[in-house]
Amino acid sequence: QVQLVESGGGLVQAGGSLRLSCAASGRTFGSYAMGWFRQAPGKERDFVAAIGWSGFSTYYADSVKGRFTISRDNAKNTVYLRMNSLNPEDTAVYYCAADPVVGGGAPIEAYEYDYWGQGTQVTVSS
């Protein structure tokens with residue numbers, strides 16, 4: 001069982017930056033692939049970024065590639081999402097998720113993740 005708690009969301013102007021954190025409980029964090037997803041009002045939950053257990057493999061949605069960076073610190077049981085050059089289209093609730101995947105990759109489909117945090121709101125003003 002893994003419990004996830006996101007933090008770092010808030011209100012930022014277009015062009016600004018935020019860093020989201022997701023703290024995980026449990027001693028097996030290092031064996032989980034981690035992902036970030038987001039959901040805007042009235043829309044489906046979309047994939048943002050994912051990272052394999054070692055941090056070597058990372059994956060990004062085309063809409064955030066080059067602006068967002070996912071990373072993890074297994075010693076701190078934490079995964080991060082650095083978001084630069086934010087625009088109003090990035091406004092959403094951001095969720096982190098964990099998947100006890102076998103191998104070094106990470107899934108990009110929400111249904112493959114077993115554990116979810118409660119989400120943190122990111123609002124980008126124009």
Side-chain angles (χ1 to χ4, degrees):
Q1 188 77 10
V2 176
Q3 292 185 327
L4 306 172
V5 179
E6 302 97 334
S7 61
L11 174 64
V12 64
Q13 289 188 333
S17 299
L18 284 174
R19 190 181 78 159
L20 305 184
S21 299
C22 174
S25 65
R27 289 177 287 181
T28 59
F29 173 79
S31 64
Y32 284 76
M34 301 296 296
W36 284 97
F37 292 78
R38 66 187 181 185
Q39 188 167 20
K43 296 187 177 181
E44 295 184 349
R45 189 169 297 190
D46 291 331
F47 168 73
V48 175
I51 187 167
W53 68 268
S54 69
F56 181 77
S57 299
T58 57
Y59 311 84
Y60 296 94
D62 287 343
S63 60
V64 308
K65 202 171 292 183
R67 300 188 298 124
F68 290 11
T69 303
I70 188 171
S71 61
R72 67 189 296 162
D73 185 337
N74 287 344
K76 295 183 178 180
N77 280 14
T78 302
V79 63
Y80 304 97
L81 185 68
R82 177 68 180 181
M83 306 185 295
N84 295 329
S85 302
L86 286 162
N87 60 63
E89 290 69 39
D90 296 315
T91 295
V93 178
Y94 284 70
Y95 299 90
C96 73
D99 175 40
V101 68
V102 176
I108 64 171
E109 298 289 345
Y111 72 85
E112 297 195 65
Y113 285 85
D114 291 348
Y115 305 102
W116 292 84
Q118 83 290 347
T120 186
Q121 176 71 46
V122 172
T123 302
V124 184
S125 63
S126 58

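All of these numbers come straight from a predicted model, not from anything done at the bench.
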Q. Are Phe29 and Tyr95 joined in one hydrophobic group, where the rule is that I, L, V, M, F, W and Y side chains link up if heavy atoms are under 4.5 Å apart?
A. no
### Query
Can you check side chain to side chain contact (heavy atoms under 4.5 Å, CB included) on Gln1 and Tyr115, steps first, answer last?
CA-CA 8 Å; Gln1 188 77 10; Tyr115 305 102; 3.8 Å; yes
Count I, L, V, M, F, W, Y as connected when their side-chain heavy atoms are under 4.5 Å apart, and connections chain through other members. Are Val2 and Tyr80 then in the same cluster? no
Side chain to side chain donor-acceptor pair (under 3.5 Å) with Tyr94: of Arg38, Glu6, Gln39, only one passes, and it is Arg38
Heavy-atom nearest pair, Ser17 first then Asn84, reads OG-OD1, 2.9 Å
Phe37-Leu81 co-clustered via ILVMFWY side chain contacts under 4.5 Å
no
Group every Ile, Leu, Val, Met, Phe, Trp and Tyr by side-chain heavy-atom contacts under 4.5 Å, then state whether Val48 and Met83 land in the same group.
yes
**OP:** Mark yes or no: Arg72 above the aromatic ring of Tyr32, with NZ or CZ under 6.0 Å from the six-membered ring centre and no more than 45 degrees from the axis.
**Re:** no
Correct closest heavy-atom pair for Ala33 and Pro107 would be CB-CD, 4.0 Å
- Message: side chain to side chain contact (heavy atoms under 4.5 Å, CB included), that's the test. Do Val124 and Val122 meet it? Break it down for me.
- Response: CA-CA 7 Å; Val124 184; Val122 172; 4.2 Å; yes
Between Gln121 and Thr91, is any pair of side-chain heavy atoms under 4.5 Å apart? yes
Side chains of Leu4 and Trp116 in contact at under 4.5 Å (non-hydrogen atoms)
no
CZ of Arg82 to CG of Leu18, rounded to nearest 0.5 Å, is 8.0 Å
Any Phe68 side-chain heavy atom under 4.5 Å of Leu86 side chain: yes
Practice item. Would you check if the side chain of Ser25 reaches a backbone N or O of Gln3 as a donor-acceptor pair within less than 3.5 Å? Key: yes
Value for OG (Ser54) from CG (Asn74), rounded to nearest 0.5 Å, stands at 8.5 Å
Closest non-hydrogen atoms of Ala92 and Ala40, given as atom of the first, atom of the second and distance, are CB-N, 3.8 Å
Taking every heavy atom of Ala23 against every heavy atom of Thr78, the minimum-distance pair comes out as CA-OG1, 4.2 Å
Here the gap from Cys96 atom SG to Ile70 atom CD1, rounded to the nearest 0.5 Å, amounts to 9.0 Å
CE (Met34) and OG (Ser71) are apart, to the nearest 0.5 Å, by 11.5 Å
Exactly one candidate in Trp36, Tyr59, Tyr60 meets side-chain contact (heavy atoms from CB on, under 4.5 Å) with Phe47; the answer is Tyr59
Handout entry: Cluster overlap Tyr113 with Trp53, hydrophobic side-chain contacts below 4.5 Å
Key = no
